[in-house]
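Quick note on labels: first sequence line is chain A, next is B, and so on, each numbered from 1.
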Number of protein chains: 2
Amino acid sequence: MLARECILSAPGKVILHGEHAVVHGKVALAVSLNLRTYLRIQPGAAGRVSINMPNIDTFLSWDVSSLHALLPARRADLQNAVEPDAAVVLKLREYAGLGDGLADTRSLAVLAFLYIYLFVFAESRELPSLTMAVWSELPTGAGLGSSAAFSVCLSAALLASRGAIACPAVEAAQTARWSDEDLELINKWAFQGEKIIHGNPSGVDNAVGTWGGALRYHSGKIKPLSSTPMLRILLTNTRVLVAGVRDKITKFPAIMNPVLESIDAISCECERTLMEMARGPEIQHYRVLEELIDINQHHLNVMGVGHPSLDRLCQVSLAHGLHSKLTGAGGGGCGITLLTPDTDSSVVERSIQELKDCGYDCWETSIGAPGVLHHSPSSLTEDVLKILNSY
Amino acid sequence: MLARECILSAPGKVILHGEHAVVHGKVALAVSLNLRTYLRIQPGAAGRVSINMPNIDTFLSWDVSSLHALLPARRADLQNAVEPDAAVVLKLREYAGLGDGLADTRSLAVLAFLYIYLFVFAESRELPSLTMAVWSELPTGAGLGSSAAFSVCLSAALLASRGAIACPAVEAAQTARWSDEDLELINKWAFQGEKIIHGNPSGVDNAVGTWGGALRYHSGKIKPLSSTPMLRILLTNTRVLVAGVRDKITKFPAIMNPVLESIDAISCECERTLMEMARGPEIQHYRVLEELIDINQHHLNVMGVGHPSLDRLCQVSLAHGLHSKLTGAGGGGCGITLLTPDTDSSVVERSIQELKDCGYDCWETSIGAPGVLHHSPSSLTEDVLKILNSY
């Protein structure tokens with residue numbers, strides 16, 4: 001039933017400013033992270049549905065006929081992605097042999113696939129045979145939106161296979177983006193995937209994975225910025241995981257509430273600066289971004305969500321003139337380091353090496369990259385293409 | 001004319017919270033620093049006035065008769081210290097051979113002495129012969145109120161010599177405090193001394209030197225706290241001097257104004273905590289003080305008045321579980337480190353050693369100590385007594 005092979009990718013996300021403050025009603029800026037999840041979908045062996053996710057060591061194959069039995073009674077209006085309900089999820093868990101309580105990455109990824117596959121094709125004449133391969137540059141469980149990038153790829157691939165959205169043409173070595181209308185639909189279904197995986201997601205991660213660039217998140221409202229520059233960064237995973245980091249806002253409200261206000265103003269100033277940079281970036285803009293990063297990192301420490309591993313990241317990078325802050329939950333986890341046009345490549349190399357010497361994972365990448373993309377095979381790096389082609 | 005010898009001392013000061021913010025209309029807390037300036041005054045060789053200030057290598061002696069010529073036309077109402085005017089100061093400079101522009105510590109100390117001596121005794125029958133020795137534990141020019149401690153000692157000693165204030169009786173090995181009324185008068189004259197030395201002082205330093213303890217300073221109003229505990233600290237002088245540190249408040253007002261509000265709330269929370277501690281200190285109070293120190297240090301860095309030497313101080317002390325912040329102007333200068341009842345003496349020793357290894361001066365002392373004190377000779381340490389007795 002699938003017309004042809006389709007390769008696509010979606011980015012991860014980082015919080016540029018406003019983590020923690022956002023849950024206290026302040027503005028946050030989320031930006032796409034150009035560590036991407038790649039998905040290749042193609043017509044499969046007749047009567048088989050196979051998914052291959054080497055990152056999480058998951059390789060499964062089902063009979064299409066057995067999947068038919070799972071088709072939901074409530075048929076989907078494709079334009080309005082159906083909310084997952086507990087009974088359906090339980091049925092899928094049983095089918096896939098996933099215990100009720102299992103919430104590991106593999107189980108949840110399989111559930112999200114089965115859910116979107118079944119509901120997208122529920123109204124269709126038949127369930128298609130297909131083979132899917134997924135490869136991600138994103139570490140999982142690091143707050144970098146890897147599940148959303150997966151959900152976005154899954155939704156776009158399955159909606160395109162279903163013919164619900166057009167597949168934008170790509171020339172050799174090129175990528176192409178979907179129309180705004182199609183992106184809306186991709187995002188809706190990706191959000192349902194996120195619900196399967198996270199229960200009660202904010203919708204920010206799938207929105208970033210879909211639209212890319214930057215978006216403003218405030219009191220539950222998500223608004224993509226009309227234009228944003230791509231910014232080079234280092235993404236560092238300290239690999240320290242402090243469970244349940246809680247900020248200290250309630251401890252000294254008179255002292256802490258102004259800190260939240262200041263963070264709100266940082267997000268707004270950053271948004272303003274990014275918009276200006278999209279029109280024509282100047283070195284002065286980078287200096288402002290650096291200052292905002294430094295100020296917010298101090299504020300996050302004040303809020304009690306810092307960690308010595310993050311202090312070390314800041315110190316190591318600052319020793320090379322680079323400015324860093326934690327991103328996301330804090331208490332360890334990840335940090336971002338801004339690179340600027342005047343950052344020498346030797347500085348980047350030395351910084352990466354020193355951060356690795358601290359026991360951290362470190363990637364040179366960018367933020368503000370495009371959202372979900374349709375790829376020509378030749379637009380991929382050889383490494384990625386090789387992995388996707390092995391399945 | 002002097003009835004008898006009198007030995008007294010006054011403390012230095014540090015800003016506990018609110019430096020920089022205070023000039024933007026926020027509350028600051030200034031506290032006495034128990035590094036003290038000691039002054040011994042005694043009847044001098046007939047017809048001679050001698051001052052000996054070994055810290056600043058200044059030893060001068062004048063004929064009382066030559067000083068008579070300087071007596072001001074405008075006679076002082078002792079109860080209302082006379083504002084120094086430029087013509088008088090110029091005349092004193094000429095007399096003491098100090099060039100018009102000289103603003104070094106020595107010149108200014110001599111001017112302050114001459115001014116207070118002449119104006120306090122202006123209405124008296126005759127100018128007294130006296131010998132004065134001053135010794136200070138305070139470094140000069142470090143923002144620790146050394147000039148105010150000197151002015152306070154000078155005023156108390158000369159007012160007591162003049163009989164304008166009673167000299168409180170001291171038993172052996174004891175110290176005694178003046179009455180509130182007398183302290184008011186001492187403070188008024190010390191403020192004039194500070195004007196000679198600093199031009200346009202806030203009056204905070206002389207108030208702390210006079211009353212000791214802690215005081216709240218807000219929009220030009222100085223209010224001593226009714227009671228404060230003594231707190232053990234390390235005082236560290238990084239010996240880094242960055243001229244003209246200016247905060248960055250005006251750069252991002254929407255981001256910075258909330259930081260000032262937060263600092264205001266820190267000063268208020270600290271004041272509340274100190275008042276509670278004065279009634280009965282608990283370890284939990286110290287934990288609050290430590291948190292306030294950490295938060296404010298971050299805020300001061302946000303305001304751009306930090307310095308790597310101060311970051312280092314914070315890191316070194318934190319490695320021993322101790323919490324530090326800059327005090328005063330920042331950009332180097334001094335920092336304070338809170339010691340608590342559960343701080344082991346070995347921790348204190350190691351911290352001091354490591355800070356000295358950084359090239360810093362470091363003292364173990366206390367804040368919240370009494371203001372100007374009348375001393376029995378046996379209440380002094382042998383070292384101080386020996387120095388004062390050598391002149």
Side-chain angles (χ1 to χ4, degrees), chain A residues 17-18 21 24 26-27 29 247-273 284-285 287-308 310-312 314-316 318-319 321 323 325-326, chain B residues 17-18 21 24 26-27 29 247-273 284-285 287-308 310-312 314-316 318-319 321 323 325-326:
Chain A
H17 289 293
H24 299 280
K26 305 304 177 190
V27 173
L29 283 186
D247 64 52
K248 298 188 300 183
I249 299 306
T250 51
K251 196 163 181 186
F252 300 114
I255 295 168
M256 291 302 192
N257 287 333
V259 175
L260 294 178
E261 274 174 55
S262 181
I263 290 177
D264 195 73
I266 288 169
S267 292
C268 296
E269 181 69 27
C270 184
E271 179 182 348
R272 217 178 51 74
T273 306
Q284 211 42 49
H285 291 129
R287 296 289 97 83
V288 170
L289 294 181
E290 287 174 340
E291 269 199 82
L292 299 180
I293 283 172
D294 290 344
I295 295 173
N296 200 354
Q297 176 63 14
H298 281 298
H299 286 351
L300 288 160
N301 272 312
V302 162
M303 291 162 71
V305 300
H307 188 271
L310 294 162
D311 294 340
R312 185 127 179 70
C314 292
Q315 283 156 25
V316 167
L318 196 61
H323 300 252
K325 69 177 276 290
L326 71 84
Chain B
H17 290 293
H24 299 280
K26 305 303 177 189
V27 172
L29 283 186
D247 64 53
K248 298 187 300 183
I249 299 304
T250 51
K251 196 163 181 188
F252 301 114
I255 295 169
M256 292 303 193
N257 286 334
V259 175
L260 294 178
E261 275 175 54
S262 182
I263 291 177
D264 194 73
I266 289 170
S267 292
C268 295
E269 180 70 26
C270 184
E271 179 182 347
R272 216 178 52 74
T273 306
Q284 211 41 49
H285 290 129
R287 296 290 96 83
V288 170
L289 294 181
E290 287 174 340
E291 268 199 83
L292 299 180
I293 284 172
D294 288 345
I295 296 172
N296 201 353
Q297 176 63 14
H298 280 298
H299 286 351
L300 288 159
N301 273 312
V302 162
M303 291 163 72
V305 300
H307 189 271
L310 293 162
D311 295 340
R312 186 127 179 72
C314 292
Q315 283 156 25
V316 167
L318 196 60
H323 300 253
K325 70 177 275 289
L326 71 84

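Only the side chain of A:L292 comes within contact range of chain B, with at least one heavy atom under 4.5 Å from a heavy atom of that chain.
If you take NE2 on B:H299 and CG on B:D247, they are separated by 14.0 Å, rounding to the nearest 0.5 Å. Interatomic distance, CD of B:E269 versus CG of B:L29, reported as 11.0 Å (0.5 Å rounding).
Between chain A and the residues B:E261, B:E291, B:Q315, B:M256, the largest count of heavy-atom pairs under 4.5 Å involves B:E291. With respect to chain A, the highest number of heavy-atom pairs below 4.5 Å among B:V288, B:N296, B:I295 belongs to B:I295.
Counting heavy atoms from C-beta on, the side chains of A:N301 and A:Q297 come closer than 4.5 Å. Within the 4.5 Å cutoff, side-chain heavy atoms of A:L260 are placed close to those of A:M303.
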